[in-house]
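A short write-up of the structure that comes next.
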Amino acid sequence: MIGEVPLYYYLLLSFLLFATGMLGMLVRRNVLIMLMAMQLMLGGANLALMAYARFRGDEAGQVMAFFVIVLAAAEGAVGLALVIAVYRHFKTLYIDRFNTLKG
Amino acid sequence: MSSDLFQLLPLILVAVTGLGVLLTELLPERARSAVPLAWLTAVGLSAGLYVVCSLWAGDAVSPVGAFLSGWVTIDGFTLFVWGTLLVSTMLVALYSHGIEAEQNLVKGEYYGFLSLALVGMMMLVAAANLLVLFLALETLSVSLYALVGMKRGSSRSAEAALKFFLNGGLASALLLYGLVLLWGETGTLELAGLGAVLAGGSGSPLLYLGGTLVLVGFGFKVGVVPFHMWLPDVHEGAPTTVVGLVSGAVAVAVFAALLRLVYQGMLPEVFAGMPFSYADAVVFVAVLTMTVGNLMAMHQQDVKRMLAYAGIAHVGYLLTGLLLVPPLGSGNPGLRFASGSVLFYLVAQGLAMLLAFGVLARLPTGGNDEGGLVRLAGLSRRRPGLAFLLGLALVSLAGFPPTAGFFARFALLRELTVLGNGKLVVLVGIAVANGLLSAYYYLRPVMHMYMQDGAGEGKELSSRTANFALVVLAALILVLGLLPGRLANLAKTASRELTYKHAPNLRSSGPARLAPFANQGAKDR
């Protein structure tokens with residue numbers, strides 16, 4: 001039964017997902033992997049939302065999770081379009097090779 | 001319900017304008033090129049501006065109806081910033097006229113996304129709830145990703161957009177996770193409710209972790225120093241008019257939202273559970289931001305990149321304005337409305353940035369050093385008008401009289417010294433020293449324009465509509481510099497509605513909350 005698993009287990013799992021995603025964003029240099037890592041972070045946040053919603057008995061959390069899902073889809077769509085645009089110019093997906101800007 | 005809709009009407013009008021402009025892409029080729037999209041956008045936005053003005057003139061303080069309460073706040077502060085943002089974006093649309101072909105932009109998409117980004121900015125300022133704030137930030141960010149990468153065939157534009165996207169996505173995810181923790185621990189996302197809970201000081205560590213994550217996410221968006229890296233890349237790679245929007249309007253909107261977070265929300269309270277005080281943290285971040293921004297700006301060879309760092313330095317000056325919040329426990333309620341000078345500063349800085357990028361957008365593009373300093377050489381011979389306008393914008397940014405920038409910085413620093421705290425006097429000293437330092441890099445482009453010869457690599461663009469917008473901007477900067485009183489009063493009235501509500505000492509003592517209103521009113525007259 002779901003009720004028997006304490007809230008903090010879910011939170012721990014969501015935090016692990018979030019931290020994995022963040023580590024991926026900071027460490028990996030392949031743009032596609034970074035995009036996936038970003039989705040992992042949002043997924044972690046969603047899991048925490050659902051867990052809180054369940055344990056507080058407050059459906060607002062589930063509503064918010066829907067917002068986040070829609071948003072992740074929109075962000076992913078724009079992100080993939082940008083990845084394609086960049087690939088056309090640089091013929092690579094490694095962010096270290098994108099160096100036309102002096103930064 | 002109906003009055004609710006009327007209060008949201010500016011937002012709705014802007015959204016409808018944006019979508020309508022986007023839809024013109026469906027028209028057949030010939031009809032499409034005949035539609036003056038810059039003017040169409042400007043007309044839609046001025047309708048929104050008209051409603052904002054009538055709301056302001058009517059009863060600005062009337063609370064929103066039940067339908068919207070707890071989600072958005074439409075008070076004097078919101079209306080003031082909405083007006084500023086509408087005017088800014090309108091001028092950006094007008095001075096983009098004639099640039100689409102040169103920059104290889106799809107017209108309908110460009111103007112459509114300008115308005116949609118404006119919808120995000122306006123929602124951001126009005127948000128009374130962290131979920132609305134988050135959705136607004138995303139509306140704004142996703143439109144901006146598209147705008148920044150819109151220059152087809154330019155690798156720099158695509159690269160800037162992707163880096164912006166990755167940074168912005170990371171920031172959004174941090175903010176979201178923080179928001180989830182805050183909601184989970186308190187059961188509310190309303191700024192007012194959160195402030196009260198955090199001020200109680202007995203929250204769980206998760207609560208403060210959530211608050212910190214929200215602040216870090218916001219720090220990314222504002223461009224506070226450890227999180228500022230995306231700004232220079234965006235400034236260098238994006239189409240120049242879009243950069244005008246980013247540093248002339250988006251910066252204003254995001255900082256205004258930060259102000260609301262500070263005054264009506266939770267920012268100082270988050271520090272209740274931390275080893276250092278709110279004031280110390282703000283001083284540290286402000287000094288770091290202004291100094292790093294200025295030092296980095298000094299050795300840039302690209303004007304757009306230089307202005308990006310200059311904008312970061314301005315964020316540093318603005319952050320000092322956050323100190324005008326009375327610290328927890330020590331009531332100095334007389335200073336609660338002091339953000340009036342911060343608002344004025346925001347407007348002045350936004351206008352000058354808009355003008356600077358508006359002029360830069362007129363310069364011929366092509367090659368890889370689009371914003372290179374050398375390109376400005378001899379501009380005063382070729383186009384004296386443009387050279388004068390750019391010079392005016394830079395002088396205002398540097399804070400010299402008789403421009404708006406001078407009065408803005410003077411007013412802000414004066415309010416800080418009035419606080420009379422020794423630490424703050426040191427802070428003001430650092431800010432003034434930084435201002436002097438910045439004169440070096442602001443005057444360098446002016447030297448190039450007026451004292452060096454250069455043939456230029458092409459013809460500057462010329463468009464009557466754009467010239468009109470640039471002259472309006474310059475006039476605003478000069479008028480605000482010479483006669484700042486009226487706008488300063490408006491800003492003061494507007495920011496008076498952002499009262500600091502949650503400090504326990506203010507809540508417990510009833511009469512003390514009312515006294516400063518009377519006090520302030522007397523001082524105004």
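Lettering follows sequence order; numbering is per chain, from 1.
- In this structure, B/K163 contributes its side chain and A/I95 its backbone to no donor-acceptor pair below 3.5 Å.
- Your options are A/A74, A/A37, A/A81, A/G61, and the one with the most heavy-atom pairs under 4.5 Å with chain B is A/G61.
- For chain B, no part of A/A77 is nearby; none of its heavy atoms comes within less than 4.5 Å.
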For residues 17-35 of chain A, please give each side-chain donor-acceptor pair under 3.5 Å, one per line with the distance, not counting sequence neighbours.
from, atom 1, to, atom 2, distance (Å)
A/T20, OG1, A/L16, O, 2.5
A/R29, NH2, A/L26, O, 3.3
A/N30, OD1, A/L32, N, 2.9

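- Interface with chain A: from residues 170-180 of chain B, residues B/L170, B/S172, B/A173, B/L174, B/L176, B/Y177, B/V180 qualify, criterion being any non-hydrogen pair under 4.5 Å.
- The distance from the CZ atom of A/R88 to the CZ atom of B/R152 is 10.0 Å, given to the nearest 0.5 Å.
- Looking only at heavy-atom pairs under 4.5 Å with chain A, the residue among B/L206, B/L181, B/L162, B/L135 that has the most is B/L162.
- Within the 4.5 angstrom heavy-atom criterion, atoms from both the backbone and the side chain of A/L49 approach chain B.
- Note that CG of B/L209 and CZ of A/F15 are 6.5 Å apart. Values are rounded to the nearest 0.5 Å.
- Two residues are said to be in side-chain contact when any heavy atoms from C-beta on lie closer than 4.5 Å; A/L71 and B/F134 meet this criterion.
- Contact between B/E159 and A/F98 at its shortest, heavy atoms only, is OE2-O, 2.9 Å.
- Interface residue A/V83: backbone and side-chain heavy atoms are both found under 4.5 Å from chain B.
- Summarising the geometry of B/L131 relative to A/M64, their closest heavy-atom pair is CD2-CG, 3.6 Å, with the distance given to 0.1 Å.
- Of the two parts of A/Y87, neither the backbone nor the side chain holds a non-hydrogen atom closer than 4.5 Å to a non-hydrogen atom of chain B.
- Your options are B/S157, B/G168, B/A160, B/S154, and the one with the most heavy-atom pairs under 4.5 Å with chain A is B/S154.
- The heavy-atom pair separating A/V86 from B/A158 by the smallest distance is CG2-O, 3.4 Å.
- Contact check for B/W183 versus A/D58: side-chain heavy atoms found under the 4.5 Å cut-off.
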Self-check item: side chain to side chain contact (heavy atoms under 4.5 Å, CB included) assessment of B/E138 paired with A/E75
Solution: CA-CA 8 Å; B/E138 287 303 299; A/E75 224 179 33; 2.7 Å; yes

